[in-house]
Amino acid sequence: MRTATAILFFSLALPAGASPVRHTFRESIPRGQVRRIVIDIPAGDVEIRNGAGDRLTVSGWVSRDPDSDRSRDKQQRIVDDSTVEIYVSRDEAVVRRHFGPEARGWRGSMFSNYHVNVELPAGTDIEVG
């Protein structure tokens, strides 16, 4: 009976500890003189859609899979301090990751998954790197 109870306990505990932590983000800027977009997100999914003719919009979420319940709070702090930004220089905009102090370093940048939705004006040149 103890074995069955222990198996049931661990099978119920694993999904809760294994669920990812998540942080959502959204940024929108006027198109201005931007003619080219570079997407520089090395890990995750990127979905590109036609959007408003005068705006560039990026939204989505970043997530991490905690190793255990003990690391869950730390992983949540890392994703809460990770986002995606739009950096504009002249006629080019770069969609890239941005890390705050809690997410800086190798672990913060290497083990996060991004799901990014990019909405662009029709006819904008795009490069995914």
Side-chain angles (χ1 to χ4, degrees):
M1 182 67 172
R2 281 188 189 162
T3 304
T5 304
I7 291 171
L8 177 61
F9 173 75
F10 285 118
S11 67
L12 291 174
L14 284 176
S19 64
V21 294
R22 181 186 276 195
H23 171 73
T24 60
F25 55 83
R26 180 175 181 81
E27 182 174 0
S28 183
I29 63 167
R31 178 183 183 177
Q33 300 299 314
V34 173
R35 297 170 141 327
R36 181 173 182 246
I37 309 291
V38 176
I39 300 181
D40 185 16
I41 307 287
D45 302 318
V46 177
E47 186 174 315
I48 302 167
R49 302 183 205 157
N50 284 334
D54 62 343
R55 300 206 66 77
L56 305 173
T57 304
V58 177
S59 61
W61 67 83
V62 57
S63 66
R64 289 175 70 94
D65 294 319
D67 295 334
S68 66
D69 284 336
R70 287 182 53 203
S71 72
R72 188 170 194 76
D73 289 338
K74 180 179 180 181
Q75 303 305 317
Q76 186 67 58
R77 286 193 309 273
I78 290 172
V79 297
D80 286 345
D81 219 10
S82 303
T83 192
V84 171
E85 67 180 1
I86 304 170
Y87 171 78
V88 178
S89 178
R90 296 188 190 111
D91 66 344
E92 181 177 88
V94 178
V95 176
R96 64 186 184 187
R97 302 175 301 170
H98 177 78
F99 303 107
E102 290 289 330
R104 288 200 180 115
W106 184 76
R107 287 185 79 63
S109 65
M110 292 302 293
F111 298 107
S112 299
N113 282 323
Y114 288 80
H115 180 82
V116 182
N117 298 307
V118 181
E119 296 179 24
L120 308 171
T124 305
D125 292 334
I126 189 162
E127 177 183 321
V128 180

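No experiment lies behind these values; they were computed from the predicted model shown. The analysis underlying the following values was restricted to heavy atoms, covering all of them including side chains, and did not include hydrogens, waters or symmetry mates.
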Single hit among V79, I78, T83 for side chain to side chain contact (heavy atoms under 4.5 Å, CB included) with V62: V79
Name of the residue among D69, D67, D73 meeting side chain to side chain contact (heavy atoms under 4.5 Å, CB included) with S71: D67
Do the side chains of I86 and V88 get nearer than 4.5 Å, heavy atoms only? yes
Is it the case that one hydrophobic cluster holds both V94 and V84, taking links as side-chain heavy atoms less than 4.5 Å apart, direct or via other members? no
Quick one: pull up CD in E119 and CD in E47 and give me the separation to the nearest 0.5 Å. 9.0 Å
Side-chain heavy-atom pair L56, L120 within 4.5 angstrom cut-off: yes
Any salt bridge (Lys or Arg N to Asp or Glu O under 4.0 Å) involving residues 74-89? Give me the pairs, sequence neighbours left out, ordered by first then second residue. R77-E102, E85-R96
Output for pair (I37 CD1, I126 CD1), nearest 0.5 Å, gives 6.5 Å
For the residue pair Q76 and V21, what are the closest heavy atoms and their distance? OE1-CB, 3.1 Å
Heavy-atom closest pair (R55 atom, P121 atom, distance to 0.1 Å) is O-CD, 3.5 Å
Tell me every residue that passes side-chain hydrogen bond (donor to acceptor under 3.5 Å, both in side chains) with R35, counting only those two or more places apart in sequence or in another chain. none
What is the distance from atom CG of D125 to atom CD of E92, rounded to the nearest 0.5 Å? 10.5 Å
Are F99 and I41 connected into the same hydrophobic cluster when the rule is that any two of I, L, V, M, F, W, Y join if their side-chain heavy atoms are below 4.5 Å apart? yes
Could you measure the distance from the OG1 atom of T124 to the CG atom of N50? Nearest 0.5 Å is fine. 8.5 Å
CZ-CG distance between F111 and D65, expressed to the nearest 0.5 angstrom: 11.5 Å
Do Y114 and V46 have side-chain heavy atoms sitting under 4.5 Å apart? no
Restricting to non-hydrogen atoms, name the atom on P20 and the atom on P66 that form the minimum distance, rounded to 0.1 Å. CA-CD, 4.0 Å
Do I29 and V34 make a side-chain contact, defined as non-hydrogen atoms from C-beta onward lying under 4.5 Å apart? no
Hey, could you give me the NE2/OG distance between H23 and S112, rounded to the nearest 0.5 Å? 11.0 Å
Heavy-atom distance under 4.5 Å between the side chains of S19 and R72, does that happen here? yes
Give the ring-plane orientation class for H115 versus W61, where under 30° counts as parallel, over 60° as perpendicular and anything between as tilted. parallel
